[in-house]
Asks: 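Let me begin by handing over the structure; questions about it come next.
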Amino acid sequence: MRVLDLLRQVYREIGMLETSRRQKDMIIADNAGVKAIRYDKDKVSGGKQGDLTDVLLNIEKERERINEQIARQLERVMRHRAELYRLMEKVPDGPGKAAVQEHYLYRVPWGIVAERMHYGKSYTRDLARRTVEELEKVRAD
């Protein structure tokens, strides 16, 4: 696998991890939002009588499933990041290397990376591209 492909994969994996964490937060919010049955209200006839226990069990199962998914995603991200860090140690420090790390390994958008570095967005991306080319050479050796 090329270095750029690995960098892009880590970027995507971090995005999936963030999505899973948001799903977990929504499930927790759903769990907190479950309300008790109001016996003072008129009953609706027909349909299945609901039970909060079933709802809570389903929410808990979904939360556990997402926790396992998050753990697998985090393990993958950490494994790929470790491989990339080993490669990056062989490339001299500089703005291109910093841009690659910020964008691909921490999922910071290019515009924010450029702003932090006080460069233009296209120049920052060009510096990162050159660093990726250096990483490809280092990996080939």
Side-chain angles (χ1 to χ4, degrees), residues 1-41 43-141:
M1 178 182 294
R2 294 178 338 152
V3 172
L4 184 58
D5 294 335
L6 185 56
L7 288 165
R8 287 177 176 160
Q9 183 175 349
V10 169
Y11 185 88
R12 283 190 304 271
E13 288 171 347
I14 293 170
M16 291 186 304
L17 183 61
E18 290 170 356
T19 299
S20 295
R21 286 179 173 157
R22 281 192 300 274
Q23 286 177 336
K24 180 182 173 184
D25 291 344
M26 286 175 23
I27 288 170
I28 290 170
D30 286 348
N31 194 6
V34 174
K35 296 180 175 61
I37 298 172
R38 300 256 335 244
Y39 292 101
D40 60 334
K41 295 287 184 181
K43 302 217 182 317
V44 177
S45 61
K48 178 184 168 204
Q49 184 169 353
D51 185 78
L52 282 179
T53 306
D54 292 338
V55 172
L56 292 174
L57 285 174
N58 287 336
I59 290 171
E60 184 60 25
K61 283 181 192 175
E62 185 65 12
R63 190 182 65 77
E64 287 174 16
R65 184 189 68 76
I66 289 180
N67 276 341
E68 290 171 6
Q69 180 179 330
I70 288 170
R72 285 190 308 272
Q73 289 170 333
L74 189 56
E75 189 273 328
R76 238 184 350 259
V77 166
M78 297 308 289
R79 188 177 64 242
H80 290 140
R81 270 186 180 167
E83 181 180 346
L84 287 164
Y85 282 131
R86 280 191 298 275
L87 279 173
M88 292 221 169
E89 287 176 358
K90 299 174 183 177
V91 173
D93 289 340
K97 182 177 178 179
V100 167
Q101 288 176 326
E102 287 259 340
H103 179 70
Y104 290 107
L105 301 182
Y106 299 106
R107 207 167 204 281
V108 178
W110 284 118
I112 294 173
V113 172
E115 187 177 299
R116 287 178 182 169
M117 299 176 74
H118 305 288
Y119 292 134
K121 183 177 172 182
S122 61
Y123 182 67
T124 303
R125 290 180 74 168
D126 189 50
L127 290 172
R129 180 188 52 76
R130 288 187 224 157
T131 299
V132 170
E133 288 171 0
E134 287 181 51
L135 289 167
E136 292 286 359
K137 288 177 190 172
V138 166
R139 192 171 196 195
D141 292 342

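Keep in mind that the numbers below use all heavy atoms, side chains included, and drop hydrogens, waters and symmetry copies. Starting from 1, each residue takes its place in the sequence as its number.
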Asks: If I compare all heavy atoms of Gln73 with all of Ser20, which pair ends up nearest, and what's the gap?
Replies: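 Closest approach of Gln73 to Ser20, heavy atoms only: OE1-OG, 2.9 Å.
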Asks: Would you say that Asp126 contacts Arg130 through its side chain, given a criterion of any heavy-atom pair below 4.5 Å between the two side chains?
Replies: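 Side chain of Asp126 against side chain of Arg130, heavy atoms only: contact under 4.5 Å found.
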Asks: More than 12 foreign heavy atoms under 6.0 Å from CE of Met78: is that the case here?
Replies: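 Result for CE/Met78: open.
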Asks: What verdict does the side-chain contact (heavy atoms from CB on, under 4.5 Å) test give for Glu136 and Glu133, after you've listed the backbone C-alpha separation in whole Å, the side-chain angles of each residue and the deciding distance to 0.1 Å?
Replies: CA-CA 5 Å; Glu136 292 286 359; Glu133 288 171 0; 5.6 Å; no
Asks: Which donor-acceptor pairs under 3.5 Å do side chains of residues 82-91 form with protein atoms, sequence neighbours excluded?
Replies:
from	atom 1	to	atom 2	distance (Å)
Glu83	OE2	Arg139	NH2	2.8
Tyr85	OH	Tyr106	OH	2.3

Asks: List the atom of Ala99, the atom of Ala128, and the distance in Å for their closest heavy-atom pair.
Replies: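 Reported closest heavy-atom pair: CB-CB, 4.2 Å.
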Asks: Under 3.5 Å, is there a donor-acceptor pair between the side chain of Arg81 and the main chain of Leu105?
Replies: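 Side chain of Arg81 to backbone of Leu105: a pair is present.
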Asks: Salt bridge (charged side-chain N to carboxylate O under 4.0 Å, His left out) between Lys61 and Glu64: does it pass, once the steps are laid out?
Replies: CA-CA 5 Å; Lys61 283 181 192 175; Glu64 287 174 16; over 6 Å; no
Asks: Around Arg76, counting heavy atoms of other residues, nucleotides and ligands shown, do more than 12 lie under 6.0 Å from its CZ?
Replies: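 Enclosed: over 12 neighbouring heavy atoms sit under 6.0 Å from CZ of Arg76.
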Asks: For His80, what residues pass the ring pair (Phe, Tyr, Trp, His ring centres under 6.0 Å) criterion, not counting sequence neighbours?
Replies: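 His80 satisfies ring pair (Phe, Tyr, Trp, His ring centres under 6.0 Å) with no other residue.
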Asks: I need the Asn67 CG to Arg72 CZ distance, nearest 0.5 Å.
Replies: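 Answer for the CG-CZ pair, Asn67 versus Arg72, is 11.0 Å.
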Asks: How close do Ala98 and Met117 get, heavy atom to heavy atom, and via which atoms?
Replies: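 Closest approach of Ala98 to Met117, heavy atoms only: CB-CE, 4.5 Å.
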Asks: Test Val100 against every option in Leu7, Val113, Val3, Leu127 by the side chain to side chain contact (heavy atoms under 4.5 Å, CB included) rule and name the one that passes.
Replies: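 Filter result, single survivor: Leu7.
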Asks: How long is the span from the CZ atom in Arg22 to the CD1 atom in Ile66, to the nearest 0.5 Å?
Replies: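 Rounded to the nearest 0.5 Å, the CZ-CD1 separation comes to 12.0 Å.
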Asks: For the side chain to side chain contact (heavy atoms under 4.5 Å, CB included) test, which of Ile112, Thr124, Val108 pairs with Glu102?
Replies: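 Only one of Ile112, Thr124, Val108 forms a side chain to side chain contact (heavy atoms under 4.5 Å, CB included) with Glu102, namely Val108.
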Asks: How many angstroms lie between atom CD of Gln9 and atom CE of Met16, to the nearest 0.5 angstrom?
Replies: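 Answer for the CD-CE pair, Gln9 versus Met16, is 8.0 Å.
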Asks: CZ/Arg63 to CD/Gln23 distance, rounded to the nearest 0.5 angstrom?
Replies: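 Spacing of CZ (Arg63) from CD (Gln23) equals 14.0 Å.
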Asks: Which distance, rounded to the nearest 0.5 Å, do you find between the OG of Ser122 and the CZ of Arg129?
Replies: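 Those atoms lie 11.0 Å apart.
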Asks: Where do Glu134 and Pro92 come nearest, in terms of heavy atoms and distance?
Replies: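 Looks like OE1-CD, 3.8 Å.
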Asks: Quick check: closest heavy atoms across Tyr119 and Pro95, and the distance to 0.1 Å?
Replies: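 That closest heavy-atom pairing would be CE1-CB, 3.7 Å.
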Asks: For the CG atom of Leu17 and the CZ atom of Arg12, what is their distance to the nearest 0.5 Å?
Replies: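 The CG atom of Leu17 sits 14.5 Å away from the CZ atom of Arg12.
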Asks: Other residues, nucleotides and ligands only: do more than 12 of their heavy atoms fall within 6.0 Å of CD on Glu115?
Replies: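 Count not over threshold, so no.
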Asks: Could you give me the CA-CA distance, side-chain angles and deciding distance for Arg21 and Asp25, then say whether salt bridge (charged side-chain N to carboxylate O under 4.0 Å, His left out) is met?
Replies: CA-CA 6 Å; Arg21 286 179 173 157; Asp25 291 344; over 6 Å; no
Asks: Looking only at heavy atoms, which two atoms of Ile14 and Tyr104 are closest? And how far apart?
Replies: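 Looking at all heavy atoms of both residues, the shortest contact is CD1-O, 3.9 Å.
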